[in-house]
Amino acid sequence: MRLSPAVRLSEYFMPTLRETPSEAEIVSHRLMLRAGMIRQESAGIYSWLPTGYRVLRKIEQIVRDEMDRIGCHEVLMPTIQSADLWRKSGRYEDYGKEMLRITDRHEREMLYGPTNEEMITDIVAEHIKSYKDLPRMMYHIQWKFRDEVRPRFGVMRGREFLMKDAYSFDISPEAGRISYNKQFVAYLRLYARMGLKAIPMAADTGPIGGDMSHEFIILAETGESQVWCNTDLLELDLLNMDIDHRNAEQMSDVIGKVTSYYAATDEMHDEAKYQAEVPADKQMTARGVEVGHIFFFGDKYSAPMNAKVQTADGSFAPVQSGSYGVGVSRLVGAIIEACHDDNGIVWPEEVAPFKVGLINLRVGDEACDAACEDFYAKLQAAGVDVMYDDRDMRAGVKFADMDLIGLPWQVVIGPKGVANGIVELKSRKTGEKEELSPEAALAKLVG
RNA sequence: CGGGGCGUAGCGCAGCCUGGUAGCGCAUCUGCUUUGGGAGCAGAGGGCCGUUGGUUCGAAUCCAGCCGCCCCGACCA
């Protein structure tokens, strides 16, 4: 799981492109290709190259942290599933052509999983027999395949994609709401930690009904759906609300507050309600990208799949479930959509492939090399992720590459600065440059 | 799944209309000069022109099929 803390660009694989490959239309796709993060293998299917893969893993890790925090435990289910499992739930026929069906050498019908409700329900059915074993929550982070008619926008809508899907199991719908709320709170936190403003919006619950489905949408010009919301919602400091997930009442209050503001995608938008509830100066309409979807569906799968537990009075009841998805690979693109400028990507620090990019302006100059090596070693010793550009190339190329890949901090060390005992520290986000002693720069980066 | 477009060097493209030994820029390699925001000069390498078939003395170019990819719409984490 651990990411290597430091790399030298002279030995790293990061094939940056000066020109944009012609297939890429939207900004995140263009930048991911130009930054050498991914390579397309087939429509909607990508290889993840070193920098791209690092970002993917950083996002995964944030998701893990937040799942662990609410007592949701990681498992790993296979990508290949048996058709029989899906026949039990009735979805084998319903899913249609989006499901990739395959046959093994014994002519057994298999499929590449588009999701895992059936499998996790089957696991629970076998092992959970009593209401005393509930509640339980589990998740996994696994590749999914949905044979979209038209994959597009790079990793934002691939056919193969990495998803975190969590599942909750409770004895009653009331208990189910508590699990749902825990996930809701975890979602608020995990997106905030990635530097994103993800807005929870009521989603269509379909035949189940009720108010227990939300989509999490981040705002981006190239988003696929139109959204309307109250700007007050964007001001909430979600990370510092300090919610105790063991306190059901407090969680419920917080979620009540967050969901009290008007926020809707086009499929749920009610113009009259919007005009009535949201003051004119707080109205905002924008484009959004769905980066998560949570859903309570009761016994939809547990009933047909016979996942029952014995209750306190000795009778049997199907477990009550919900599922909670985060599009992990989609988030890589979505974050770039929300965080870039004309020169390239501007990573939020928590998901950046490296925190610091160290640029040696004159490789081969003894003093300059020594100063860079020293700084590089000290960053590593302090546990700071660093990419050291020790390639023997012109300054302009290094600056352009570093801006393109978007590491939050750039440390520029050149012969002139070395002679005067200073390095330059640049913030990718603000573009501000400071000339500092190496010690002062290091202190800022380690903090 | 409906509509549109594109496959020529690693990337971006020209050539195709009007058939006659495949070109430009960037990248790569060599040398020299340069060196704080994508350097200059000189030289070099690299192509089954997506694929199959047809027309023709001759096809990147014309015709047909197939494959792949992209865009717009309807659908999805």
Side-chain angles (χ1 to χ4, degrees), chain A residues 15-26 29-30 33-34 36 39-45 59 63 95-99 113-117 141-166 187 191 198 203-204 213-218 224-225 265 267 288-295 323-334 342-344 359-365 368 389 391-404 410 412-420 422-424 426 431 433 435:
Chain A
T16 54
L17 303 174
R18 191 167 170 177
E19 288 174 286
T20 305
S22 59
E23 78 258 21
E25 203 59 30
I26 66 165
H29 192 196
R30 284 203 297 263
L33 290 168
R34 286 195 52 213
R39 187 180 97 117
Q40 179 165 349
E41 298 298 346
S42 180
I45 300 178
I59 292 172
V63 173
Y95 222 92
K97 289 191 168 177
E98 271 199 10
M99 184 147 77
T115 177
N116 287 68
E117 279 85 4
I141 298 175
Q142 177 64 289
W143 292 93
K144 306 290 190 288
F145 194 91
R146 294 184 191 171
D147 200 359
E148 299 276 346
V149 216
R150 174 144 107 90
R152 63 184 120 169
F153 303 149
V155 299
M156 298 260 287
R157 197 195 301 176
R159 291 193 293 170
E160 187 184 52
F161 59 96
L162 188 62
M163 180 164 93
K164 184 281 304 186
D165 38 325
Y187 275 46
Y191 294 118
D204 194 358
S213 179
H214 288 86
E215 291 178 5
F216 289 77
I217 305 272
I218 67 169
E224 296 182 68
S225 42
T265 59
E267 58 180 15
V289 179
E290 183 183 346
V291 290
H293 195 163
I294 61 177
F295 206 104
S323 70
Y324 312 90
V326 171
V328 176
S329 50
R330 168 179 282 189
L331 270 166
V332 180
D342 290 345
N343 294 325
I359 296 178
N360 181 342
L361 281 181
R362 189 76 60 86
V363 171
D365 177 290
C368 194
D389 191 347
R391 298 173 300 175
D392 185 9
M393 298 225 263
R394 300 179 66 81
V397 175
K398 296 188 172 197
F399 288 132
D401 269 352
M402 203 54 89
D403 283 350
L404 174 63
Q410 298 175 9
V412 180
I413 299 183
K416 292 177 199 163
V418 170
N420 298 319
I422 56 147
V423 301
E424 182 183 290
K426 175 181 155 184
K433 298 174 185 171
E435 297 201 328

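Reckoned from all heavy atoms, side chains included, excluding hydrogens, waters and symmetry mates.
You won't find any donor-acceptor pair under 3.5 Å spanning the side chain of A:R150 and the base of B:rC69, going by distance alone.
Contact annotation for A:D165: no contact, since no heavy-atom pair falls under 4.0 Å across all strands.
Residue A:E98 has its side chain nearest to B:rC75 when only B:rC75, B:rA74, B:rG37 are considered. For A:A43, taking side-chain heavy atoms from C-beta onward, the closest of the listed nucleotides B:rC71, B:rC70, B:rG36 is B:rC70.
The pairing partner recorded for B:rC24 is B:rG12, the criterion being a Watson-Crick or G-U wobble arrangement whose two distances lie under 3.5 angstrom. Nucleotide B:rC69: paired with B:rG5 (Watson-Crick or G-U wobble, both distances less than 3.5 Å).
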Check: With the sugar-phosphate defined as primed atoms, P, OP1 and OP2, and the base as all remaining atoms, what B/S/- string results for nucleotides 24-35 of chain B, 5' to 3', for protein heavy atoms under 4.0 Å?
Finding: -BS-------BS
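Counting to the nearest Å, the C1' atom of B:rC76 and the CE atom of A:M99 are 15 Å from each other. Between the CE atom of A:M156 and the C1' atom of B:rC71 there is a distance of 16 Å, given to the nearest Å. Put simply, CD1 on A:I217 is 11 Å from C1' on B:rA77, counting in whole angstrom units. Between A:F153 atom CZ and B:rC76 atom P there is a gap of 15 Å when expressed in whole angstrom units.
The pair A:R34-A:D401 does not meet the salt-bridge criterion, since no charged nitrogen lies less than 4.0 angstrom from a carboxylate oxygen. One finds no salt bridge joining A:R30 and A:E25 here, because no Lys/Arg side-chain nitrogen approaches an Asp/Glu carboxylate oxygen to under 4.0 Å.
Under the rule for a salt bridge (charged side-chain N to carboxylate O under 4.0 Å, His left out), A:K164 has no partner lying at least two apart in sequence or in another chain.
A sub-4.0 Å separation between OP1 or OP2 of B:rG37 and a side-chain N or O of A:K398 is absent. Checking the phosphate oxygens (OP1, OP2) of B:rG68, no side-chain nitrogen or oxygen of A:Q40 falls inside 4.0 Å. Not one side-chain nitrogen or oxygen of A:R330 sits closer than 4.0 Å to the OP1 or OP2 atom of B:rC76.
Rounded to whole Å, the C1' atom of B:rC41 lies 16 Å from the corresponding atom of B:rU35.
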